[in-house]
There are 2 protein chains.
Amino acid sequence: MTDPLPSTSRSLPIALIRAREGVMAPIREMLSETGITEQQWRVLRVLDEAGSMDTKTLANRASLLFPSLTRIASAMRDKGLITQTRDTVDRRRQMIALAPAGQKIIDDHRHRAGQIVDGFRATLGTENYETLLDLLGRLDPGPRD
Amino acid sequence: MTDPLPSTSRSLPIALIRAREGVMAPIREMLSETGITEQQWRVLRVLDEAGSMDTKTLANRASLLFPSLTRIASAMRDKGLITQTRDTVDRRRQMIALAPAGQKIIDDHRHRAGQIVDGFRATLGTENYETLLDLLGRLDPGPRD
DNA sequence: TGTCAATAATTAACATGTTAACGATACTGC
DNA sequence: GCAGTATCGTTAACATGTTAATTATTGACA
């Protein structure tokens with residue numbers, strides 16, 4: 001018996017990459033004028049949504065690996081987008097908070113970002129959009145604790 | 001009116017990233033013993049499926065950007081996984097073909113890769129799995145020609 | 001209290017993603 | 001033929017993904 005792999009045109013990993021390309025294209029276009037990257041935008045989004053938090057929690061919520069976040073946070077600190085402070089009790093820990101310049105980027109682009117999301121929701125239809133999020137969620141491995 | 005962005009837990013870009021993490025984890029584990037990367041595996045898959053082709057077509061089918069493919073192909077040539085030959089008619093073009101060592105990696109891992117795919121299909125159910133691929137396909141921007 | 005394991009974060013090393021600039025070849029129309 | 005343009009591919013520069021090693025700090029416990 002042969003044991004054919006699925007055609008690459010029906011391959012789940014490739015489909016996920018391509019869908020991500022399609023979704024991120026307009027977002028990247030929006031962000032290009034701000035000078036921040038897609039990952040930095042995710043960090044700002046999470047901090048705006050949930051307030052300041054420690055690095056580990058931030059990495060999980062923004063779906064970034066720890067070493068990536070170390071570099072990203074250091075770049076964002078240098079740009080004045082966030083602040084980093086050592087936990088006084090456990091000096092291994094670090095708290096990260098939104099700085100005014102970071103908050104301004106969120107505020108300035110919240111509306112357009114919402115429009116982009118609405119565009120995709122309209123493309124698929126609300127029901128399909130929610131179905132897609134549910135199915136994707138079932139493939140999510142969860143936090144790597 | 002406030003204009004809230006979707007919670008990051010229901011954000012499409014983040015959901016796509018996390019789903020990809022979940023899907024790729026077992027594949028990366030399988031590939032770790034071969035010494036090739038996930039992208040190199042995609043290149044081998046496409047070549048195995050459709051035969052040799054020029055660089056541009058390969059980049060599109062494997063969802064790789066051109067500069068990435070330049071580096072990946074050069075590494076794979078050095079490892080003897082593929083061959084690169086100049087088109088004699090149009091000397092700008094380059095044909096890439098599977099070499100025996102590359103074919104062997106495909107053959108040795110075809111079965112396990114199929115099992116991994118079947119696992120995800122079973123997790124979601126066949127109907128949901130096909131629905132997911134269809135919805136992802138509708139977000140695909142298509143080739144960047 | 002002194003040693004060892006566990007945790008938070010960084011650093012290192014290499015591969016890829018992304019955009020822009022560049023070089024080489026082919027085509028087009030005059 | 002030749003200037004202008006388009007196409008294929010590479011290179012450059014920087015940011016991120018990924019795994020492994022390292023440092024700093026804390027906690028457990030004999």
Side-chain angles (χ1 to χ4, degrees), chain A residues 13-14 16-18 20-21 23-25 27-29 31-43 53-60 62-79 81 84-96 141 143-145, chain B residues 13-14 16-18 20-21 23-25 27-29 31-43 53-60 62-79 81 84-96 141 143-145:
Chain A
I14 291 183
L16 289 167
I17 292 171
R18 292 188 174 160
R20 195 168 125 68
E21 278 179 34
V23 170
M24 289 314 301
I27 296 178
R28 261 202 292 271
E29 187 182 0
L31 293 178
S32 68
E33 64 193 42
T34 70
I36 72 171
T37 67
E38 167 201 334
Q39 288 81 0
Q40 294 177 355
W41 171 252
R42 283 217 301 278
V43 168
M53 62 188 71
D54 65 83
T55 305
K56 186 178 183 180
T57 306
L58 179 55
N60 276 328
S63 281
L64 293 169
L65 293 180
F66 233 87
S68 294
L69 183 52
T70 293
R71 289 175 302 211
I72 292 169
S74 134
M76 294 179 78
R77 172 175 37 74
D78 293 346
K79 286 198 272 189
L81 303 178
Q84 293 174 301
T85 56
R86 284 278 162 196
D87 185 314
T88 52
V89 178
D90 185 340
R91 283 186 304 192
R92 292 170 303 183
R93 287 197 184 173
Q94 190 182 143
M95 293 298 284
I96 297 188
R144 296 176 177 178
D145 294 341
Chain B
I14 291 182
L16 289 168
I17 292 171
R18 291 187 175 160
R20 193 169 125 68
E21 277 179 33
V23 169
M24 289 314 301
I27 297 179
R28 260 201 293 272
E29 188 182 359
L31 293 179
S32 68
E33 65 193 42
T34 71
I36 73 171
T37 66
E38 167 201 334
Q39 288 79 1
Q40 294 177 356
W41 171 252
R42 282 217 301 279
V43 169
M53 62 188 71
D54 64 81
T55 304
K56 186 178 183 180
T57 306
L58 179 55
N60 276 328
S63 281
L64 294 169
L65 294 180
F66 233 86
S68 294
L69 184 52
T70 292
R71 290 175 301 212
I72 293 169
S74 135
M76 293 179 78
R77 172 174 37 73
D78 293 347
K79 286 198 270 189
L81 302 178
Q84 292 174 302
T85 56
R86 283 279 161 197
D87 185 315
T88 51
V89 178
D90 184 341
R91 282 187 304 191
R92 293 170 303 184
R93 287 198 183 171
Q94 189 183 143
M95 293 299 283
I96 298 187
R144 295 175 176 178
D145 293 341

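Letters A, B, ... are given to chains in the order of the sequence lines, protein chains preceding strands, and every chain is numbered from 1.
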Looking only at D:dT26, D:dG17, C:dT19, the nucleotide nearest the A:Leu65 side chain is D:dG17
Under 3.5 Å, which protein N or O atoms sit close to an N or O of nucleotides 12-14 of chain C? Give each pair with its distance.
none

To the nearest angstrom, the CE-P distance between B:Met24 and C:dG17 comes to 11 Å
Between the CD1 atom in B:Ile17 and the CE atom in A:Met24, the distance rounded to the nearest 0.5 Å is 7.0 Å
Of the listed C:dT10, C:dT16, D:dC8, the closest approach to the A:Phe66 side chain comes from C:dT10
Checklist entry - Does a side-chain N or O from B:Ser68 land closer than 4.0 Å to OP1 or OP2 of C:dT16, or not? => result no
_Sugar-phosphate, base or nothing in reach of B:Leu69, heavy atoms under 4.0 Å_ = nothing
Open item on the list: With a 4.5 Å cut-off on side-chain heavy atoms, are A:Gln40 and A:Thr34 touching?
Closed with: no
Correct closest heavy-atom pair for A:Arg92 and A:Arg86 would be O-NH1, 2.9 Å
Q.
Do A:Glu38 and A:Ile27 make a side-chain contact, defined as non-hydrogen atoms from C-beta onward lying under 4.5 Å apart?
A. no
From CD of B:Glu21 across to C1' of D:dG17 the rounded distance in Å is 10 Å
Exercise. Any side-chain N or O of B:Arg28 less than 4.0 Å from the OP1 or OP2 oxygen of D:dG17?
Worked result: no
A:Asp87 CG to D:dT25 P, in whole Å, measures 13 Å
Of B:Gln84 and A:Thr88, the one whose closest nucleotide on DNA chain D sits nearer the 5' end is B:Gln84
Heavy-atom side-chain proximity of A:Asp54 to A:Asp87 below 4.5 angstrom: no
A:Gln40 has its side chain closest, among C:dT10, C:dT25, D:dT16, to D:dT16
Query - Under-4.0 Å side-chain N/O to phosphate OP1/OP2 contact, A:Thr55 with C:dA8 - result: no
Of A:Arg91 and A:Arg42, the one whose closest nucleotide on DNA chain D sits nearer the 5' end is A:Arg42
When the side chains of residues 63-77 of chain B are checked against the rest of the protein, which donor-acceptor pairs come out under 3.5 Å, sequence neighbours left out?
unit_1  : atom_1 : unit_2  : atom_2 : d
B:Ser63 : OG     : A:Arg18 : NE     : 2.6
B:Thr70 : OG1    : B:Phe66 : O      : 3.3
B:Arg77 : NE     : B:Gln84 : OE1    : 2.3

Q: Give one of base, sugar-phosphate or nothing for A:Gln94, where a contact means two heavy atoms less than 4.0 Å apart.
A: sugar-phosphate
Touch check for A:Thr37, heavy atoms < 4.0 angstrom, all strands: base, sugar-phosphate only, or nothing? sugar-phosphate
Atom pairs under 3.5 Å: protein N/O with N/O of nucleotides 2-7 of chain C:
unit_1 : atom_1 : unit_2  : atom_2 : d
C:dT7  : O2     : A:Arg92 : NH1    : 2.9

